[in-house]
Amino acid sequence: MHDESHERMSEVTKESMIKENITKEGITKANVISEEAVKKDAAEMSAARENMLILLEQMQQKGVKLFVDGEAALPGEIAARAVCEGSTYMADYVLGDTGALEQIRFDRVTGR
């Protein structure tokens with residue numbers, strides 16, 4: 001029981017130290033952390049977009065037709081629209097009679 005209360009005191013102390021640092025140094029540290037998180041998120045988003053672009057270009061070269069929101073689209077357009085914050089797209093893979101992939105159709109998912 002003594003260990004549990006010691007751990008709790010340690011957590012409370014860490015929390016108050018964090019609050020104290022933010023209070024003493026203003027929001028500067030919080031802003032730096034926030035900016036770093038935004039940069040990291042942007043870098044991850046960019047990498048995901050680039051990866052999707054490469055994959056879609058490969059599919060297109062193999063003859064797969066690409067669509068976004070019901071209209072024919074280029075790989076770059078699909079990657080830009082489908083991989084961005086606040087945008088949710090679902091991919092439907094359309095197979096032909098032989099079972100080969102013929103189309104990939106990206107449609108925006110909306111909450112109703």
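These figures come from a predicted structure and were not determined experimentally.
- Between atom CG of residue Asp107 and atom CZ of residue Phe67 there is a gap of 11.0 Å, rounded to the nearest 0.5 Å.
- You'll find the side chain of Leu66 stays beyond 4.5 Å of the side chain of Leu74, heavy atoms only.
- Residues in residues 94-106 take part in these side-chain hydrogen bond (donor to acceptor under 3.5 Å, both in side chains) pairs, two or more places apart or across chains: Gln103-Arg105.
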Could you give the side-chain donor-acceptor pairs of residues 54-63 under 3.5 Å, partners two or more places apart or in another chain?
none

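- Grouped with Val109 in one hydrophobic cluster are Met90, the linkage being side-chain heavy-atom contacts under 4.5 Å among Ile, Leu, Val, Met, Phe, Trp and Tyr residues.
- The side-chain contact (heavy atoms from CB on, under 4.5 Å) search around Tyr89 returns Val68, Asp69, Arg81, Ala82, Ser87, Phe106, Arg108, not counting sequence neighbours.
- Neither Leu53 nor Tyr93 shares a network with the other; the hydrophobic side chains, linked directly or stepwise wherever heavy atoms of I, L, V, M, F, W or Y lie under 4.5 Å apart, form separate groups for each.
- For Glu44, the CD atom sits in a packed shell: over 12 heavy atoms of surrounding residues, nucleotides or ligands are nearer than 6.0 Å.
- Side-chain contact check for Val94 versus Ile104: every heavy-atom pair is 4.5 Å or farther apart.
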